[in-house]
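Shown next, in structure tokens, is the structure this report addresses.
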Amino acid sequence: DGSVDITDIDAIDTDNSEFYSNLAETVAESKLEEVSLEYVELVEKDREARKKRDKQYEEGIRRTGLGDDAPGGASFSGASKVVSPVLAEGCVDFAARAIKELFPSQGPVRTYIFGDAKQEDIERSERKRQYMNWQLTTQIENYRSELEQLLTQLPLGGSQYQKIWYDERFKRPACEFIPIDEIFLPFAATSFYTSQRVTHRQLITKFEYDRRVKSELYRVIDLTINGDFPERSSTAVANDKIEGKEGDAYNEDGLRAVLEIYTWLTLDDDDIADGEPAPYVLTIDEYSEEVLAIYRNWDENDERLEKLDWIVEWKFIPWRGAYAIGLPHLIGGLSAAATGALRALLDSAHINNAPSMLKLKTGRTVGGNTEVNITEVTEVEAPANVTDIRQVAMPMPFNQPSPVLFQLLGFVTDAAKGVIATAEEKIGQVGDRTPVGTTMALIEQGMVVFNSIHSRLHSSMARSLKILHRINSAYLTIEDIEAQVSGIDIEPSDFDGPMDIIPVSDPAIFSETQRFAQIQAILQRSQLMPQMYDQRKVEEMFLRTLKVPESEVLKPKPAQEDMDPVSENVAAVMASPIYVLPSQDHMAHIITHMSFLKSPLFGSNPFIA
């Protein structure tokens, strides 16, 4: 009717900050003290329950030999301190294999749509794939480096953790590697994701703490200043020796320990939870035991109050309980034995090259010994009329390096490597004439150990992408997209749809050798039964395995053009395909083609045929 409804835009409540606000600002101080006392005591019990676990992790780091303090060996001057590299080699080899599969240069994300996909669903999924690959390779600059740290430590700790969150300061997602010695679970916990509480102990500088207070992440309170370093785990101290770091007693950076606890609380002051147990993120300063923050940890529109995950667990080999086991548990004893045998062989060779000796003193019948240093001339007293020094002195009868010990060293080393080795060497010997059955059997043999581990890594990567997808859905805006990545056609609403992106890694394959063996088998089968294979797709798969762009070597696919019959005849002579389209005059095309084929100058010409 031409009238206009005027809405007061300023009156619309578009700010969701109340739901995600710091509840520590409104909860009664008595309740905060009660919560703090309870959880500080619980976290301390959780730490005590896993001290043996930290000791195993520390021993594993020391037995790598990277910190020059591996246990064992003789203590005399000049004794060998060499360490068997089997543990360090296993960690480096595993991390190199895993990062190549999980994080290729093009990005770690690909699309996967469940069920029937419409064209708009495919386009939306492709936009998200491009954007998230850009995020993980460019926007979150430290994502790959943090993931590589995690993978190198995963075989030593058994379990490691990755935290992903939205950084208000940089207005983008952020990530952090959390070693297992900084995560505490209850003694009774059987799974990380179903644990009643998960504690992340953070060491932050005074600068970082002040920044969090200024950004209103923590409430403003007067905290007692601790001039000493916060207590650190034995694993962190062992790692400092590898990095060559030495800290003094003065805490010049103002480091303080903060306990970030993901738990279930009952807060009567929270009207939204209505006094029911609900998931929260509770932050406590460890030294002063003051509550710094309490945040709701469920989606605002979720009536079930389902806990949101921000930390991803990465497992090496699962065992009973919430923590997985690693190489120190599997081959720690074999690594120690190999180091001991190697040191004993080197010590034996060293002693035989610079032996001690026995001598007789003049006028006495009681024997004695003297140590002779290398390059030093030592005088020996002798009775009268004795001119041959061999009559008064004798070298110590040390044994030569034992061949049996050398064989034992080889056996122990092979046994340790056998636990983590694959059939890579055998698969590498597969030739183009090797039967397919033999090839697949070798692939299966190589997948026994590492494939199961790689499948768990694939699952953890999928959880990481799920968290990133949720963060994009909650925080991504048009302004962010225009300012950051104008070349990608993406809308914030794209992330409101289903989770249709997954890791690019293949959970069934963890190495290039396996992938080449698989494509070799496919090539053999396509040659035996060409009528059942699309040869172009097989060739494209082969080129992708070689990491060669298809557009650089393959002929471009011909477009399905609507050509007249004469042009189709010319295309056929040039060995180009022609297409039948519904809109064509089929009879006219057939007549023209038949005339062409019957002509002795064209179709009947043997050369053209």
Side-chain angles (χ1 to χ4, degrees), residues 104-106 110-113 116-123 125-126 129-130 427-443 489 504 506 508-509 511-609:
S105 57
Q106 300 86 356
R110 67 182 175 96
T111 62
Y112 183 79
I113 301 177
D116 296 333
K118 299 180 181 178
Q119 184 61 31
E120 55 266 27
D121 297 332
I122 297 175
E123 293 175 355
S125 180
E126 178 63 20
R129 182 194 68 81
Q130 294 181 4
I427 297 176
Q429 298 172 4
V430 172
D432 56 355
R433 297 185 181 276
T434 304
V436 174
T438 303
T439 301
M440 299 308 295
L442 290 174
I443 292 176
D489 185 18
V504 72
D506 187 343
I509 295 179
S511 71
E512 289 296 333
T513 306
Q514 283 183 287
R515 191 169 284 109
F516 277 114
Q518 185 185 69
I519 192 63
Q520 187 66 40
I522 294 175
L523 288 172
Q524 290 182 19
R525 297 300 301 172
S526 65
Q527 292 170 4
L528 291 174
M529 307 184 71
Q531 70 277 9
M532 299 185 66
Y533 288 84
D534 186 333
Q535 295 297 331
R536 183 181 180 90
K537 289 187 178 299
V538 172
E539 193 65 24
E540 289 175 352
M541 182 184 297
F542 178 72
L543 292 175
R544 284 196 299 270
T545 304
L546 294 177
K547 292 184 171 56
V548 175
E550 304 163 13
S551 59
E552 293 184 3
V553 292
L554 290 182
K555 292 181 179 180
K557 293 181 179 179
Q560 296 186 18
E561 300 178 3
D562 185 3
M563 296 186 292
D564 60 81
V566 175
S567 299
E568 288 184 352
N569 290 336
V570 175
V573 172
M574 302 300 292
S576 297
I578 59 178
Y579 298 93
V580 178
L581 303 179
S583 60
Q584 294 175 339
D585 185 345
H586 304 302
M587 186 55 65
H589 277 254
I590 291 174
I591 293 174
T592 306
H593 295 332
M594 293 299 295
S595 300
F596 179 85
L597 292 172
K598 292 178 180 179
S599 171
L601 186 63
F602 298 111
S604 296
N605 188 326
F607 176 76
I608 292 182

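Residue indices begin at 1 and follow the sequence shown. Below, all heavy atoms of this structure are taken into account, side chains as well, without hydrogens, waters or symmetry copies. Just so we're clear, the structure is a prediction, and the values are computed from it rather than from any experiment.
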Nearest heavy-atom contact between Y112 and S125 is N-OG, 4.4 Å
When rounded to the nearest 0.5 Å, the distance separating CG of D564 from CG of D585 is 12.0 Å
To check you understand the geometry: which heavy-atom pair defines the closest contact between M541 and I522, and what is its length? SD-CD1, 3.6 Å
Rounded at 0.5 Å granularity, tell me how far CD1 in I122 sits from CZ in R129. 13.0 Å
How many angstroms lie between CD in Q535 and CG in L523, if you round to the nearest 0.5 Å? 9.0 Å
Atom CG in D506, atom CZ in R110: separation rounded to 0.5 Å? 7.0 Å
Enclosure of F542 CZ (heavy-atom neighbours >12, cutoff 6.0 Å): no
Atom pair CD (Q584) and CG (D562), whose distance is rounded to the nearest 0.5 Å: 4.5 Å
Quick one: pull up CD in Q524 and CD1 in I519 and give me the separation to the nearest 0.5 Å. 11.0 Å
Work out which heavy atom in E539 is nearest to a heavy atom in L554; give both atom names and the distance. CG-CD2, 3.9 Å
Under the side-chain hydrogen bond (donor to acceptor under 3.5 Å, both in side chains) definition, can you give me all pairs with a residue in residues 592-603, not counting sequence neighbours? E568-H593, N569-H593
Of the non-hydrogen atoms in I578 and A572, which two are nearest, and what is the gap between them? CG2-N, 4.5 Å
Quick test of your reading of the model: are E540 and K537 salt-bridged, counting only N-O distances below 4.0 Å? no
Taking only residues two or more places apart in sequence or in another chain, which ones pass side chain to side chain donor-acceptor pair (under 3.5 Å) with D534? none
Can you name the nearest heavy-atom pair linking P582 to H586, along with the distance? O-NE2, 3.9 Å
